[in-house]
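Below: the structure, in structure tokens.
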Amino acid sequence: MFFLKLSLLTLLVAAPVLLVTAENVITCYGSVQRLRCETGLIRVKSAIYGRTDGSTCSIGRPPSQIQNINCSLKIPLISKRCDGHSMCEFKTDVINSPDPCVGTFKYYNTTYDCIQARATVACEDGYSTLDCGNDVIQIFNANYGRTDNKICSEGLPSSQTTNTNCYAPDTLTSVAIRCNGKSRCTLQASYTIFTDPCFGTSKYLAVSYFCLPRPVQTSVTCEGDNAVLTCGEGVLKIQAANYGRTDSTTCIAGRPVNQITKNDCYATSSLTEVTNRCEGKTSCTVPASNDVFSDPCVYTYKYLTIVYSCVV
């Protein structure tokens, strides 16, 4: 058995995903390819089946089987099978890859990242809840079916767990529609939702996802006007607020220099006042005025800045 693993790099930030490590695994045809993340979950970058050099997987092979080095075929099934798992292994001669160069002895060359993400599994007819707290869900990968004979297998006959090439079409799309952008999402592992991709096989729903910071919006309202905050979907979550002035470029039209010079002006009641008026509502109106916030800097022309998000 030939097995080669190269550690390429560590601790690289690839926003919005934190890349923990990057790995490369080469496996000769007929052997078991094993992808594993000691920290994080697998994200396959490329998976190639074929031959691109004359030395790899060449021991004991006649020249006729290793001389064609212009042979390669992308295998998307490996990404589909392994993405979102901390460990993934498969026998390379049973995944039914097309033969890109008949008569040549080939190998699988897979490059993958280990990324920080969350994973959850719901056995058939069970439920799984994705929860990101104050952040929002972004689905990374999902499959309803079976790619492993040990997951959700307790007490089941082997005939119901043998098929590990079982994928329900459009699982990822369906889960993403249900969960993306929400802070919490409950899913059921059921053929009534995802269809039955392999009759007679006991299935499970495997989902991997990120928790991303909520997109924030900023409202700036000049003194004397009203700030109007609205959420088309969800309710308001106030992140920050200030009534005063922190620069000399905002709300300056028609104002003399002495009214825009002071740039360290903060009304201490800003966040409390805006939160009390707006938090948890679908919309609200806040006057940018001294009557609401008092006057933190007399003779300075002020404005109200509010940073907020919409929580579903």
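As a basis for the values below, the full set of heavy atoms in this structure was taken, side chains included, without hydrogen atoms, waters or symmetry mates. These figures come from a predicted structure and were not determined experimentally. Starting from 1, each residue takes its place in the sequence as its number.
Atom-to-atom distance recorded for K182:NZ and E233:CD is 7.5 Å, nearest 0.5 angstrom. Remark: C82 SG to R34 CZ distance equals 11.5 Å, nearest 0.5 Å. Interatomic distance, OG of S190 versus CZ of F194, reported as 8.5 Å (0.5 Å rounding). Atom SG of residue C132 and atom CD1 of residue I137 lie 5.0 Å apart, to the nearest 0.5 angstrom. To the nearest 0.5 Å, the span separating SG on C284 from CD1 on I306 amounts to 6.5 Å.
Hydrophobic clustering (side-chain heavy atoms under 4.5 Å, transitive across Ile, Leu, Val, Met, Phe, Trp, Tyr) groups L271 together with L236. V121 and L205 fall into different hydrophobic clusters, where Ile, Leu, Val, Met, Phe, Trp and Tyr residues are linked whenever their side-chain heavy atoms come under 4.5 Å apart, directly or through other members. Under the 4.5 Å side-chain heavy-atom criterion for Ile, Leu, Val, Met, Phe, Trp and Tyr, F105 and I95 are members of the same hydrophobic cluster. Taken together through direct or relayed side-chain contacts under 4.5 Å among Ile, Leu, Val, Met, Phe, Trp and Tyr, I42 and Y167 form part of one hydrophobic cluster. Residue F210 is not grouped with residue L41 when hydrophobic side chains (ILVMFWY) are merged at heavy-atom distances under 4.5 angstrom, including chains of intermediate members.
Proximity of S248 to N263: side-chain heavy atoms (C-beta onward) are separated by under 4.5 Å at one or more points. Residues F90 and I78 have side chains in contact (heavy-atom distance under 4.5 Å, counting atoms from C-beta outward). Between C231 and K237 the shortest side-chain heavy-atom distance does not fall below 4.5 Å. Side-chain contact between R51 and I66 is present, with at least one heavy-atom pair separated by less than 4.5 Å. For the pair I193/R178, a side-chain contact is recorded, criterion being any heavy-atom separation below 4.5 Å from C-beta on. Looking at heavy atoms from C-beta onward, K302 lies in side-chain contact with N290 at the 4.5 angstrom threshold. No side-chain heavy atom of V274 sits under 4.5 Å from any side-chain heavy atom of Y308. Y29 has its side chain out of reach of T104: every pair of non-hydrogen atoms, C-beta onward, lies at least 4.5 Å apart.
Among all heavy-atom pairs drawn from P197 and G145, the shortest one is CG-CA, 4.3 Å. Here the closest non-hydrogen pair linking N180 and I139 is OD1-N, 2.8 Å. The heavy-atom pair separating C152 from R146 by the smallest distance is O-NH2, 3.1 Å. Nearest heavy atoms, T147 versus C166: CG2-O, 4.4 Å. Across all non-hydrogen atoms, the minimal contact from L212 to D135 is O-CB, 3.1 Å. The minimum heavy-atom distance between K74 and I48, with the atom names listed, is CG-CD1, 3.7 Å.
Between the side chain of K203 and the backbone N or O of C123 there is no donor-acceptor pair closer than 3.5 Å. Judged by distance alone, with hydrogens and angles left aside, the side-chain atoms of R36 form no donor-acceptor pair with the main-chain N or O of E89 at under 3.5 Å. R81 places a side-chain N or O within donor-acceptor distance of the main-chain N or O of T164, the cut-off being under 3.5 Å. A side-chain donor-acceptor contact under 3.5 Å links N24 to the backbone of T110. Proximity of a side-chain donor or acceptor of S202 to a complementary backbone N or O of T161 within less than 3.5 Å is not detected. A donor-acceptor pair under 3.5 Å is formed between the side chain of D83 and the backbone N or O of V44. With hydrogens and angles disregarded, a donor-acceptor distance shorter than 3.5 Å links the side chain of Y301 to the backbone of E223. Here the side chain of S270 pairs a donor or acceptor atom with the backbone of A267 at under 3.5 angstrom. For D148 (side chain) and K150 (main-chain N/O), a donor-acceptor pair under 3.5 Å exists by modelled atom type. For the pair K80 (side chain) and P76 (backbone), a donor-acceptor distance under 3.5 Å is absent.
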- prompt: Should Y127 and Q188 be marked as a side-chain contact (heavy atoms from CB on, under 4.5 Å) after you check the CA-CA gap, both sets of side-chain angles, and the distance that decides it?
  reply: CA-CA 4 Å; Y127 293 83; Q188 184 181 12; 3.4 Å; yes

message: Please determine whether side-chain contact (heavy atoms from CB on, under 4.5 Å) holds for the pair Y144 and S174, giving the CA-CA distance in whole Å, both sets of side-chain angles, and the decisive distance to 0.1 Å.
response: CA-CA 11 Å; Y144 174 69; S174 178; over 6 Å; no

- prompt: How far apart are the C-alpha atoms of L130 and R118, what are their side-chain angles, what is the distance that settles it, and do they pass the side-chain contact (heavy atoms from CB on, under 4.5 Å) test?
  reply: CA-CA 9 Å; L130 286 56; R118 302 185 184 189; over 6 Å; no

- request: Just do the salt bridge (Lys or Arg N to Asp or Glu O under 4.0 Å) check on K262 and D264 with the steps written out, would you?
  value: CA-CA 6 Å; K262 186 173 178 60; D264 57 351; 2.9 Å; yes

field: side-chain hydrogen bond (donor to acceptor under 3.5 Å, both in side chains) between T92 and T27, worked out
entry: CA-CA 8 Å; T92 55; T27 308; over 6 Å; no

task: May I have the step-by-step check of side-chain contact (heavy atoms from CB on, under 4.5 Å) for L229 and S219, ending in yes or no?
output: CA-CA 8 Å; L229 312 182; S219 167; 3.7 Å; yes

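Side-chain atoms of T246 and Y303 form a donor-acceptor pair, as typed in the model, at a separation below 3.5 Å. One side chain, D53 or Y107, offers a donor N or O that lies under 3.5 Å from an acceptor on the other. Between the side chains of Y108 and S97, a donor-acceptor pair is found at a separation under 3.5 Å. Side chains of D131 and T129: a donor-acceptor N/O pair is absent below 3.5 angstrom, by distance only.
Residue-environment remark: NZ (K91) exceeds the threshold of 12 foreign heavy atoms within 6.0 Å.
Checked against Y243 for a side chain to side chain contact (heavy atoms under 4.5 Å, CB included), the options P287, S294, C297, P296 give a single hit: P296.
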